[in-house]
Enquirer: 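Below are the structure tokens for one structure; questions will follow.
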Amino acid sequence: MANTKAIDKKTVEHVARLARVNLSAQEIGIYKKQLADILEYINKLGKVDVKNTLPTSHPIGKMKNVFRKDNMKKSLPVEDVLRNAPNKKDSLFIVPKIIG
Amino acid sequence: MKNYEVVIGLEAHVHLLTESKAFCGCSTKFGLEPNSSTCPVCLGLPGSLPVLNEKAFLYAIKTALALHCKIQNLIKFDRKNYYYPDLPKNYQISQYDMPLAYDGVIEIESQESKKKIRVKRVHLEEDAGKLMHEAEKGVSYVDFNRAGVALLEIVSEPDIHSPEDASAYLVNLKAILKYLKVSDCNMEEGSLRCDANISVRPEGAKALGVKAELKNMNSFKAVRDALSYEAKRQIDLLAAGEKIQQETRLWNEARGLTIAMRSKEDTQDYRYFPEPDLVPFTVDKNKIDQIMRSLPELPQAKKKRFISDYSVSEYDARVLTREADVSDFFEATIKTYNNPKEIANWLLGDIASLLNARKVSIAKTKLKPGHLAEMLEMIHSEEISGKIAKEVLPEVFENGLSPKEIVRQKGLKQIKDSGELTSIIELVIKENEKSTNDYKAGKKNALMFLVGQVMKKTKGKANPKILNNILKNMLGGK
């Protein structure tokens, strides 16, 4: 079945907020069109006859039950972990405050 | 005023007791230097791939089976997407539409009647990092050591109808997890956490009311208090003709109230989709049977057995079996000193107080079952009194010496020698002429006073029976 849900301004704004992206009014217009185009393209899949196809839960065919043993491995040195952090203190990342 | 029914569902999160994280080899140890236990996988660096920890998976299955759940035929993982600084990948590996296990049950005792609380689902996921806030500076600090630690989520159906039952459910869940040795359930270190959904409805109503999700409850007491507060808040709102908002509320322990956290327009939209980096998992029937057979005797079954085998009360049996350490200690002591009731009294009385004061579990103290058996034997054979035993016990706790040795070193042995007692009693009679005369004049209470004086002089070591006899004789009692 084709997904007929239209991409409106509100949907674009919602998706932008979920992705923590600020969009200008002009950009909202651009993405509205682009997202609609993508959905339309994807919706072509709805036309495929899947009557005789089993649902695929994973792309890698029959491979299953891949485990690792509960063994500890060396972690990264803290200097490396924090190397790209724009702001840090005493081995901790610093981010803008989350709860006031 | 109308009567309302409270409806509660609980969501417990439990750290599984593995050495390494769920999908990488980083240590799960608590209290390490911040961010020192992280790697490309748990930091979500490009190109890294998660591989499931087999032990975490088996612990999850074991727990699910102990909770009488059905195991999913095909187990897969999903990505739960959200942006929050405690989540390095911007998604959490979790399970969405096909949880690892479902349809279980946990039994609770509710005011002496039994209730079955249904378990809706059990699923395996990874924990997020830890945030620390410094409001004045306008910053938060992030430690990713916890990110990726194997976490089991256990969700109940909304079958709970009081804060007390919610607490009982958690107490029983914790007991089961500890018996299985799959989690240390340390609430202070966050290895057992709990969120609650709570709503109220007019008594008799079929439809559920609008619910609030409560977070930030860090102890069983906090769960009880937060639910009591929230139930009253919702009932008051409805009684005043107002509406309840669906929202997430934080329990504020210091102020004793719940505070709205997320507003409505911020409702979460997690955009779950299958985790392509992990293959699916299955557990065959043989493996399930094998795990079933390996399950230890669980608290409910043990409680029943204690009542029938040892004739202890329902209450004693319940408290004794709450922790595997304590029930093991109880049974080990019985082997050498066969008086279950006495052992239970000491375990639930003096020993429990000592454990509480030191905040340790009995297995981590120097007190061994043999010590308790030996001490009870000494009381039984009148080598020491129960009162002296109460002094001996803390010493055993501290230094692990045997009660016999402590009694010998401190000279606490009962004085049973008539000659020795007689001379002390003579002295007491001389010093307490008034009481002596009172007794002779028929005041029976005076005898107790004199006994007390002898006990004082002997530091409680006089054998009460012999003391009484000699004293009565010397006073010319009838």
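Residue numbers begin at 1 in each chain, while the letters A, B, ... track the order of the sequences. Quick note: numbers below take in every heavy atom, side chains included, and nothing from hydrogens, waters or symmetry partners.
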Enquirer: Any donor-acceptor pair under 3.5 Å linking the side-chain atoms of B:Ser183 with those of B:His15?
Expert: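 Short answer, no.
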
Enquirer: Measure across B:Leu100 and B:Ala64 and return the closest heavy-atom pair with its distance rounded to 0.1 Å.
Expert: CD2-CB, 4.4 Å

Enquirer: Which atoms of B:Phe144 come close to chain A, meaning under 4.5 Å heavy atom to heavy atom: side chain ones, backbone ones, both, or neither?
Expert: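 For B:Phe144, the side chain is the part near chain A, not the backbone.
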
Enquirer: For A:Phe93, does the six-membered ring have the charged nitrogen or CZ of A:Lys88 within the cation-pi criterion, i.e. under 6.0 angstrom from the centroid and within 45° of the normal?
Expert: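 Negative - A:Lys88 is either too far from the ring of A:Phe93 or too far off its axis.
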
Enquirer: Between B:Phe23 and B:Phe77, is the ring centre distance below 6.0 Å?
Expert: yes

Enquirer: At a heavy-atom distance under 4.5 Å, which candidate from A:Asp90, A:Ile94, A:Val95, A:Val78 has the highest pair count against chain B?
Expert: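 Option with the greatest count: A:Val95.
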
Enquirer: For the residue pair B:Tyr102 / B:Gln72, report whether a side-chain donor-acceptor contact shorter than 3.5 Å exists.
Expert: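 No.
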
Enquirer: Is B:Asn73 atom CG crowded by more than 12 heavy atoms from other residues, nucleotides or ligands, each under 6.0 Å away?
Expert: no

Enquirer: Are A:Asp8 and A:Thr11 close enough that a side-chain donor and a side-chain acceptor fall under 3.5 Å?
Expert: yes

Enquirer: So, do B:Phe57 and A:Phe67 have ring centers that fall under 6.0 Å from each other?
Expert: yes

Enquirer: Checking heavy atoms, do the side chain of B:Leu278, its backbone, both or neither come under 4.5 Å from chain A?
Expert: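 For B:Leu278, backbone heavy atoms alone lie under 4.5 Å from chain A.
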
Enquirer: Sort B:Pro276 into side chain, backbone, both or neither according to what part of it lies under 4.5 angstrom from a heavy atom of chain A.
Expert: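 The backbone, not the side chain.
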
Enquirer: When you look at B:Tyr270 and B:Tyr96, which way does the ring-ring contact (aromatic ring centres under 6.0 Å, His included) test go after all the steps?
Expert: CA-CA 10 Å; B:Tyr270 293 125; B:Tyr96 180 50; 9.1 Å; no

Enquirer: So B:Ser94 and B:Asp78, side-chain hydrogen bond (donor to acceptor under 3.5 Å, both in side chains) or not? Walk me through it.
Expert: CA-CA 5 Å; B:Ser94 180; B:Asp78 300 282; over 6 Å; no

Enquirer: Among residues 123-131 of chain B, which residues come closer than 4.5 Å to chain A, judged by heavy atom distances?
Expert: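 Expected list: B:Leu131.
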
Enquirer: If I measure from the heavy atoms of chain A, does B:Met98 come under 4.5 Å with its side chain, its backbone, both, or neither?
Expert: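 Neither part, no heavy atoms under 4.5 Å.
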
Enquirer: Let me know if B:Cys24 has heavy atoms under 4.5 Å from chain A in its side chain, its backbone, both or neither.
Expert: backbone

Enquirer: What's the shortest heavy-atom distance between A:Val81 and B:Asn35, and which atoms?
Expert: CG2-O, 3.8 Å

Enquirer: In terms of heavy-atom proximity below 4.5 Å to chain A, should B:Glu19 be classed as side chain, backbone, both, or neither?
Expert: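 For B:Glu19, backbone and side chain are both near chain A.
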
Enquirer: Tell me, side chain or backbone of A:Asn65 under 4.5 Å from chain B's heavy atoms, or both, or neither?
Expert: both

Enquirer: Measure distances from B:Leu52 to the heavy atoms of chain A and classify the residue's part below 4.5 Å as side chain, backbone, both or neither.
Expert: both

Enquirer: Does A:Asp80 pair with A:Arg83 as a salt bridge, N-O distance under 4.0 Å?
Expert: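 Yes.
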
Enquirer: If only side-chain N and O atoms count, and only distance matters, is there a donor-acceptor pair under 3.5 Å linking A:Arg68 with B:Ser20?
Expert: yes

Enquirer: Can you check whether anything in residues 19-38 of chain A gets within less than 4.5 Å of chain B, heavy-atom wise, and list it by number?
Expert: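 Listed by number, the contacting residues are A:Ala19, A:Arg20.
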
